[in-house]
S.K.: 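Please read through the structure below; I'll follow up with questions.
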Amino acid sequence: MYKRLAGLIAGRIEQSGLNTRASAGVYRYGAEMLISSLGGVLSFIALSLLFREPLAGFVYYLAFSIQRSASGGFHASTHKKCYLCSLIYASVFFVALLVVPPVAFFAVAAASTSTGTAVIWLLAPVGTPNKQLGATEVRIYRRRCRIILVAEVTCVAILLAIDLDRYAFAISNGLLLIAVMLIVGKISLNRFLRGARDGGV
């Protein structure tokens, strides 16, 4: 469905007579990315309303997406898989909000933040087989993700100090998810590089 819509958008752009060297494939890919991203955001909003946790959902999504933009890590191979993964991540978070007792938010937030911070600090940024990072990019993104990390950890500490454990829990879950994606992404990238190296011998 979304591919058909992306194809229609790409066709309209081509027919508009824009003076550009980009091919129909580039238009289609861009349209698919836009539709997938928009669908993911709208689905997340729908889930946050369904679970009646719009503010906690917003805090989680903001913390995750800002850190994700600098840290990198695992990426699904297709837009459809990316969308499905996003739904799973979001669903797990909202279910956790329901299952974890509020009295345990402080302890879980502290543990998740500590674990996530350690992994992100050590591993980030992590590229992908399709987007490998050079030394300069690694240096720039590492500095950026650590600045974001310090800011988010500070937010968690403040929220815990003023008894807003629920929102500290939300940020900590975003950090923990980033950590998992970095580990999976690192393993995937190492396997790809090892395979390419062995194949070149």
S.K.: For Val100 and Ala104, which heavy atoms make the closest approach, and how far apart are they?
M.R.: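 Reported closest heavy-atom pair: CG1-CB, 4.0 Å.
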S.K.: Which residues pass the side-chain hydrogen bond (donor to acceptor under 3.5 Å, both in side chains) test with Gln67, sequence neighbours left out?
M.R.: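 Counting only residues at least two positions away or on another chain, Gln67 forms a side-chain hydrogen bond (donor to acceptor under 3.5 Å, both in side chains) with Ser71.
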S.K.: Which heavy atom of Ala170 sits nearest to which heavy atom of Val59, and what is that distance?
M.R.: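 That closest heavy-atom pairing would be CB-CG1, 4.1 Å.
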S.K.: Determine whether Leu97 and Arg166 make a side-chain contact, defined as any pair of heavy atoms from C-beta on separated by less than 4.5 Å.
M.R.: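 The answer is yes, as the side chains (C-beta and beyond) meet within the 4.5 Å cut-off.
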S.K.: Provide the closest heavy-atom pair for Ala124 versus Arg142 in the form atom of the first, atom of the second, distance.
M.R.: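 So the two residues come closest at O-NE, 3.5 Å.
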S.K.: With a 3.5 Å distance limit and no angle check, can you tell me whether Glu137 reaches the backbone of Gly134 through a side-chain donor-acceptor pair?
M.R.: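 Looks like yes, one N/O pair under 3.5 Å.
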S.K.: With rounding to the nearest 0.5 angstrom, report the CG to CD1 distance, Asn173 to Ile178.
M.R.: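 Asn173 atom CG to Ile178 atom CD1 measures 12.0 Å (nearest 0.5 Å).
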S.K.: When you compare the side chain of Thr136 with that of Ile140, does any pair of heavy atoms fall below 4.5 Å?
M.R.: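 Ile140 vs Thr136: side chains touch.
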S.K.: Answer yes if Val184 and Leu123 sit in the same cluster of Ile, Leu, Val, Met, Phe, Trp and Tyr residues linked by side chain heavy atoms under 4.5 Å apart, and no otherwise.
M.R.: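 Yes, Val184 connects to Leu123 through the hydrophobic network.
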S.K.: To the nearest 0.5 Å, what is the distance between NZ (Lys131) and CG (Leu133)?
M.R.: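 Going from NZ on Lys131 over to CG on Leu133, the span is 7.0 Å.
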S.K.: Spell out, yes or no, whether Ile158 and Leu164 are grouped together once hydrophobic residues are joined by side-chain heavy atoms under 4.5 Å, including indirect joins.
M.R.: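 Yes, same cluster.
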S.K.: Does a side-chain heavy-atom distance below 4.5 Å link Pro129 with Leu189?
M.R.: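 SC-SC contact between Pro129 and Leu189 confirmed.
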S.K.: Show me the pairs that pass side-chain hydrogen bond (donor to acceptor under 3.5 Å, both in side chains) and involve residues 39-50, at least two apart or across chains.
M.R.: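 Passing the test, one end in residues 39-50: Ser43-Tyr83.
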S.K.: If you group Ile, Leu, Val, Met, Phe, Trp and Tyr whenever their side-chain heavy atoms sit less than 4.5 Å apart, what else falls in with Ile66?
M.R.: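 Its cluster mates, by chain and number, are Phe58, Leu62, Ile148.
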S.K.: Any chain of hydrophobic side-chain contacts (each under 4.5 Å) joining Leu122 to Val180?
M.R.: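 Per the 4.5 Å side-chain linkage, Leu122 and Val180 are not co-clustered.
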S.K.: Taking the six-membered ring for Trp, are Phe105 and Phe169 parallel (under 30°), tilted (30 to 60°) or perpendicular (over 60°)?
M.R.: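 Tilted, since the angle between the ring planes falls between 30° and 60°.
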S.K.: Just wondering, do Ile120 and Arg146 contact through their side chains at under 4.5 Å, heavy atoms?
M.R.: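 No. Closest side-chain heavy atoms not under 4.5 Å.
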S.K.: Assigning hydrophobic clusters by single linkage (Ile, Leu, Val, Met, Phe, Trp, Tyr; side-chain heavy-atom cutoff under 4.5 Å), is Leu84 placed with Val92?
M.R.: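 No, separate clusters.
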S.K.: Applying side-chain contact (heavy atoms from CB on, under 4.5 Å) between Ser112 and each of Ile171, Leu176, Thr117, report the one that passes.
M.R.: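 Of all the options given, the one that passes is Leu176.
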S.K.: How are the rings of Phe44 and Tyr61 set to each other: parallel, tilted or perpendicular (split at 30° and 60°)?
M.R.: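 Judged by the thresholds at 30° and 60°, the geometry between Phe44 and Tyr61 is tilted.
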S.K.: Do Lys186 and Asn190 come within less than 4.5 Å of each other through their side chains, counting heavy atoms only?
M.R.: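 Lys186 reaches Asn190 side chain to side chain.
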S.K.: How long is the straight-line distance from CZ of Phe74 back to CD1 of Ile187, given to the nearest 0.5 Å?
M.R.: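 That separation rounds to 11.5 Å.
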S.K.: Would you kindly confirm whether Val138 and Val119 end up in one hydrophobic cluster when ILVMFWY residues are joined by side chain heavy atoms under 4.5 Å apart?
M.R.: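 No, separate clusters.
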S.K.: For Phe192 and Gln132, run side chain to side chain contact (heavy atoms under 4.5 Å, CB included): C-alpha distance rounded to whole Å, both residues' side-chain angles, the deciding distance at 0.1 Å, then the answer.
M.R.: CA-CA 11 Å; Phe192 172 81; Gln132 298 179 41; 3.4 Å; yes
S.K.: Nearest 0.5 angstrom please: Leu177 CG to Cys85 SG, how far?
M.R.: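 One gets 10.0 Å once the value is rounded to the nearest 0.5 Å.
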S.K.: Which atoms form the tightest heavy-atom contact between Gly73 and Arg68, and what is the distance?
M.R.: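 Taking Gly73 first and Arg68 second, the nearest heavy atoms are C-NH1, 3.8 Å.
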S.K.: Quick check: do Val150 and Trp121 have side-chain heavy atoms less than 4.5 Å from each other?
M.R.: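 Contact flag for Val150/Trp121 side chains = yes.
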S.K.: Atom OH in Tyr60, atom CG in Leu175: separation rounded to 0.5 Å?
M.R.: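 The distance works out to 10.5 Å.
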S.K.: Ignoring hydrogens, what is the shortest heavy-atom contact between Leu160 and Ala168? Give both atom names and the distance.
M.R.: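 Scanning both residues, the minimum pair turns out to be CD2-CB, 3.6 Å.
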S.K.: Does some side-chain heavy atom of Tyr89 sit less than 4.5 Å from a side-chain heavy atom of Met181?
M.R.: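 Side-chain contact under 4.5 Å: yes.
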S.K.: Do Leu87 and Leu47 touch side chain to side chain, with heavy atoms closer than 4.5 Å?
M.R.: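 In short, these two side chains touch, coming nearer than 4.5 Å.
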S.K.: Quick check for you: to the nearest 0.5 Å, what is the distance between Ile162 atom CD1 and Tyr167 atom OH?
M.R.: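 It is 11.0 Å, given to the nearest 0.5 Å.
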